Each structure stands twice: as C-alpha cells, then as structure tokens.
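Sequence lines set the chain letters: A, B, ... in the order given, protein chains first and strands last, and positions in each chain run from 1. For clarity, every value in this text was computed on a predicted model and none was experimentally measured.
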Protein chains: 2
Amino acid sequence: MPTHSEENYIKAIWKLSQGENPVVTTNSIAASVNTKAASVSDMLRKLSEKKLIRYEKYQGVELTASGRKTALSIVRKHRLWEVFLVEKLNYGWDEVHEIAEQLEHIVSDNLVDRLDLFLGHPKVDPHGDPIPDKNGRISDPNGVLLSSIAAGQTVTMTGVTEHSTAFLRYLDNHSIGLGCKMQIEEINSFDFSMNVRIKGRKAITITQAAAKNILVKPERSR
Amino acid sequence: MPTHSEENYIKAIWKLSQGENPVVTTNSIAASVNTKAASVSDMLRKLSEKKLIRYEKYQGVELTASGRKTALSIVRKHRLWEVFLVEKLNYGWDEVHEIAEQLEHIVSDNLVDRLDLFLGHPKVDPHGDPIPDKNGRISDPNGVLLSSIAAGQTVTMTGVTEHSTAFLRYLDNHSIGLGCKMQIEEINSFDFSMNVRIKGRKAITITQAAAKNILVKPERSR
DNA sequence: ATATAAATTTAGGCAAGCCTAAAAAATACA
DNA sequence: TGTATTTTTTAGGCTTGCCTAAATTTATAT
Ligand SMILES: [Mn+2]
Ligand SMILES: [Mn+2]
Ligand SMILES: [Mn+2]
Ligand SMILES: [Mn+2]
C-alpha cells in the first residue's frame with residue numbers, strides 16, 4: 001500500500017504525464033506537490049524501488065503500468081468525492097478541490113464502489129473531467145478548446161482546463177457552466193475575444209485567455 | 001492542528017475516560033491505539049506540552065478542556081460519517097468502524113456542517129451513540145443495560161456498549177436492532193438468560209453476556 | 001517492612017518525509 | 001567547443017512516531 005505522500009506524488013506524476021510529453025521532470029513534480037527538488041529525488045528512488053515508476057537519474061520519470069493503475073485509482077476517488085461534494089453537499093465547483101485532496105486517500109475499495117453507485121455512476125466530475133472506471137480505464141477529455149472555434153458555430157461546454165478558484169468564480173459570475181449551449185457570434189480580430197450568446201441570455205464577451213481554458217463540443221455540423 | 005496520530009490518542013483518552021474513572025492509564029491507551037507503552041509515554045509528553053492533557057508522570061492522564069473539545073470534534077465526525085455510511089451507502093452497522101476511523105481525520109469544519117445537514121442533523125450514530133453538537137456538547141447515552149431489567153418489563157433498544165463485528169452480527173442474526181421494542185417474558189434463574197419477545201415475533205433467548213451489552217429504555221411505567 | 005511484580009518512563013535507534021547546502025550532470029550559448 | 005547556467009542528485013540533518021531493552025517508580029503480597 002502506498003502512503004498518503006506516495007499517492008500524492010504518483011497522482012502528480014500521472015497528471016504531468018498527460019501533456020504531450022509523458023516523461024516528467026523532477027522540478028515539475030516538486031512544484032506540483034509543493035516540496036523541494038531534493039525531496040522529490042528521495043521519493044523517486046523509493047517509488048522506483050516499488051516499481052511504480054521507471055526512473056533513470058537525470059533522465060526524468062515515467063509511470064509503470066502498476067503506477068498508472070495506482071494513479072487512476074486515486075484520480076477516480078478524487079473525482080467521485082468531488083461529485084459527492086457538489087451534488088450531495090451543495091458545494092460550488094470552486095470549493096471542492098482541497099477536501100477531495102484529502103478524501104482521495106481513504107482506503108476501501110468497497111467504499112468507492114458504493115459511492116459510485118450512490119452517485120449514479122457519474123461519467124465526469126464537476127469540472128467535466130472523466131472519471132476512471134474501477135479497472136483504471138479513463139475516457140479522453142471530451143471537447144476542444146473554445147478558443148479554437150470559429151465564429152458562427154454553436155457549441156456546448158463540456159469542461160475546463162484550469163481549476164483555480166479565481167477562474168471558476170469568473171465563470172460562475174458570468175453564469176457559464178458545464179452544459180451551457182452557446183453560439184459564437186463574433187470574434188474580435190484585435191484581441192480575439194469572443195462575443196458569445198448563451199441560449200436565451202444576453203450576449204457576453206469572453207477573453208481569449210478564458211476561452212483557452214474552456215472545453216466545448218461543437219454542434220454536430222452537416 | 002493535531003496530527004492524525006495525535007487525534008487518535010486524544011480520542012482514545014476521551015473514550016477511556018468515559019468509564020467511572022476519568023483518569024486514564026498509559027497501558028490502557030497503548031492497548032487502545034495499538035502501540036507500546038513506551039510510545040504512549042512519548043506522545044503524552046507531547047500532548048501535555050500542547051496543553052491537551054494534564055499529565056503527571058506515573059499518575060495517569062486527564063484531558064484538559066481544550067483536549068476534550070478536540071476529542072469531541074473527532075467523535076462528532078466519526079459518528080456522522082458512520083451515519084452517512086449506513087444511511088446513504090447502505091453499509092451494515094458492523095462494517096463502518098474502520099472506514100469512519102479514517103474519515104474522522106478529514107479536516108474541514110464546513111464539511112462537517114454540511115454533512116450534518118445532509119444527514120438531517122442525526123442525534124445518534126448507527127450504534128445508538130450520541131453525536132456531539134458542533135460546540136462539543138454531547139448528551140448522555142440514552143438507556144440502561146438490558147441485563148438490569150426485571151421480568152415483565154417492556155423496553156426499547158437504544159444502543160450497544162460493545163461494537164465488535166462478532167457481537168453486531170450476532171444481533172443481526174437474531175434480528176435485534178436499535179428501536180426494537182421487546183418484552184422480557186422470563187429470566188432464567190440458573191444462567192440469567194432472558195426470554196424476550198420482540199413485538200410480533202416468536203420469543204428468543206438472550207444470554208446474560210449479550211444482555212450486558214445492550215442498552216434499552218424501559219417503557220415509562222406508572 | 002520487604003521483596004517481588006507490574007506499570008511506566010527513559011535511552012537509544014530506526015524509517016518516512018521533509019529541509020538546506022554542496023556536488024555533479026545536463027543544457028544552453030557564445 | 002568550452003564556459004556559464006540550470007537541473008538534478010547527494011550529503012547531512014531535523015521531526016514525528018514508532019520500536020526494544022533497561023531503568024525507575026508504584027503496587028502487591030508476604
Ligand atoms: Mn491528496
Ligand atoms: Mn475535478
Ligand atoms: Mn482514526
Ligand atoms: Mn459508532
């Protein structure tokens with residue numbers, strides 16, 4: 001059984017490996033788990049001995065199959081608990097991360113199964129991130145960046161790529177959330193901000209910075 | 001903030017102090033938290049420095065007001081999570097202890113408040129144990145031992161004083177649970193076992209050993 | 001009152017996780 | 001291609017929480 005701390009490292013490595021490059025650096029892990037690079041080196045040696053990562057000194061690190069399985073089990077718990085907090089305890093999607101960060105370490109396979117059932121087998125968490133199944137299978141993030149959509153298209157919001165409280169509150173304040181159906185009316189050619197109309201509301205402007213962090217699914221076109 | 005381990009010690013000391021003698025011994029704590037007496041001595045020094053306990057070497061230990069408050073906050077979380085597990089996730093009352101033992105350490109006052117609300121402000125946990133309020137006020141255990149009841153009386157079960165899986169399963173197998181209304185038909189003078197009829201079922205025999213661990217409330221007599 | 005036994009504390013040590021400072025390797029760049 | 005910079009690892013140390021063995025205190029029983 002990995003320790004609380006090992007789990008945090010494994011999850012961090014998994015997250016960092018989701019970008020283009022699956023090989024993860026010591027410094028990026030340190031930033032991610034809020035420690036110093038020296039502590040990361042210690043931990044990498046340990047995780048390597050436990051065969052959870054492949055590790056060559058100075059060459060970065062990659063999860064093994066076993067490490068990936070561990071990571072996905074933690075991600076599954078994290079996201080299911082987030083659903084619980086939002087759906088059952090009425091938390092806002094900007095408030096749940098810290099608590100889920102703790103709850104993800106509760107050890108009981110059976111508990112996860114029952115929680116999943118209680119929540120109705122949700123497919124995504126409150127941020128639109130897919131929830132891995134109990135075998136560690138996870139679907140691809142569903143959507144493309146809003147910033148890549150052309151004027152005239154209609155899209156439905158499916159997720160965010162940035163989870164900061166500031167950004168999520170910003171979306172709340174503009175009443176933008178998962179499932180919003182919106183039409184891109186115009187893209188300002190100066191700053192690439194978008195004029196967007198959300199189904200039956202007055203149009204709003206979304207800066208490109210924001211649009212780069214919003215995932216949407218285009219209306220199936222013909 | 002107390003650590004995970006400190007919380008377990010504080011809660012153990014509180015539990016042990018609930019008997020007749022509020023002063024708790026090193027060995028009893030060791031047994032309770034599954035460590036050795038030497039480790040307990042270490043921890044007592046530390047808790048004493050933090051003013052959570054009053055501690056005189058060789059003289060046993062007592063919680064301070066601050067320690068008691070800490071203990072009751074953990075107990076509150078433990079019992080609320082047990083209610084959640086039984087009421088919402090359909091666990092049996094014999095299955096929840098280990099998981100609640102972990103969940104009780106999740107840090108978030110707000111979470112506890114919301115959980116309490118979600119559960120409908122329960123007054124007792126699945127074992128009939130009272131749930132402290134957010135200010136650390138806790139009501140007395142509600143009931144007297146079934147073994148102290150005279151033949152002829154009618155009582156309602158309100159709790160158990162033993163939480164082992166074996167005992168709780170034994171009660172399940174006899175369909176004895178919280179809220180059962182039962183009439184003591186006869187007490188066998190040889191072994192003090194009780195013939196008990198549960199409202200509308202055939203009579204069963206409860207050994208004195210079992211009756212000593214069952215809490216009941218006598219029907220208000222005249 | 002002693003002697004023995006039991007309970008408790010102290011001494012010394014170990015593993016996990018973290019840290020800072022110094023050394024070493026990799027990379028950038030002139 | 002060699003030097004400067006950045007990244008990473010190693011060395012040495014600290015705290016927490018645990019352990020065993022030894023010392024000390026308290027309780028029990030002649
Ligand atoms: Mn975490
Ligand atoms: Mn999420
Ligand atoms: Mn616990
Ligand atoms: Mn309970």
Practice item. Classify the nucleic acid contact of A/Ser39 as base, sugar-phosphate or nothing, counting any heavy atom under 4.0 Å across all strands shown. Key: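 The answer is base, as A/Ser39 lies within the cut-off (heavy atoms under 4.0 Å) of a base atom.
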
Report the residues that fulfil side-chain hydrogen bond (donor to acceptor under 3.5 Å, both in side chains) with [X], sequence neighbours left out, ordered by chain and then residue number.
X	answer
B/His163	B/Asp129
B/Ser39	none
A/Glu7	A/His105
B/Thr161	B/Asn213

Exercise for review: Using heavy atoms to find the nearest nucleotide of DNA chain C for A/Asn34 and B/Gly60 separately, return the residue whose nucleotide is more 5′.
Suggested key: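 Nearest-nucleotide comparison on DNA chain C picks B/Gly60.
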
Practice item. Compute whether any side-chain donor of one residue and acceptor of the other, for A/Thr70 and A/Ser73, lie under 3.5 angstrom apart. Key: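 No, no side-chain donor-acceptor pair sits under 3.5 Å.
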
Review point. ring-ring contact (aromatic ring centres under 6.0 Å, His included) with A/Tyr91: which residues, sequence neighbours excluded?
Key: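 Here no residue qualifies.
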
Exercise for review: Can you sort out the partners of A/Tyr170 under ring-ring contact (aromatic ring centres under 6.0 Å, His included), two or more places apart, ordered by chain and number?
Suggested key: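 By the ring-ring contact (aromatic ring centres under 6.0 Å, His included) rule, A/Tyr170 matches A/His174.
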
Practice item. List for me each residue that meets salt bridge (Lys or Arg N to Asp or Glu O under 4.0 Å) alongside B/Lys77, sequence neighbours excluded, and say none if there are none. Key: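 None.
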
Exercise for review: For A/Lys134, check salt bridge (Lys or Arg N to Asp or Glu O under 4.0 Å) against everything at least two apart and list the hits.
Suggested key: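 For A/Lys134 the salt bridge (Lys or Arg N to Asp or Glu O under 4.0 Å) partners, ignoring immediate neighbours, are A/Asp113.
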
Rounding to an integer number of Å, can you tell me how far [X] [atom1] sits from [N] [atom2]?
X	N	atom1	atom2	answer
A/Leu47	C/dA16	CG	P	12 Å
A/Glu49	C/dA15	CD	C1'	13 Å
A/Leu44	D/dT7	CG	P	16 Å

Review point. Got a sec? Which of residues 10-28 of chain A come in under 4.0 Å of DNA chain D, heavy atoms?
Key: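 The answer is A/Thr25, A/Thr26, A/Asn27.
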
Got a list of protein N/O to nucleotides 11-16 of chain D N/O distances below 3.5 Å?
none

Review point. Considering only side-chain heavy atoms of B/Ser41, which listed nucleotide, C/dC19, C/dT10, C/dC18, is closest?
Key: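 It is C/dT10.
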
Review point. So which of residues 50-59 of chain B are in contact with DNA chain C, with a heavy-atom cut-off of under 4.0 Å?
Key: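 Correct list: B/Tyr55, B/Lys57, B/Tyr58.
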
Review point. When you look at NZ of B/Lys88, are more than 12 heavy atoms from neighbouring residues, nucleotides or ligands closer to it than 6.0 Å?
Key: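 Enclosed: over 12 neighbouring heavy atoms sit under 6.0 Å from NZ of B/Lys88.
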
Less than 3.5 Å apart, which donor and acceptor atoms pair up between the side chains of residues 48-61 of chain B and the rest of the protein, not counting sequence neighbours?
from: B/Lys50; atom 1: NZ; to: B/Glu6; atom 2: OE1; distance (Å): 3.1
from: B/Lys50; atom 1: NZ; to: B/Glu6; atom 2: OE2; distance (Å): 3.0
from: B/Arg54; atom 1: NH2; to: B/Leu63; atom 2: O; distance (Å): 3.2

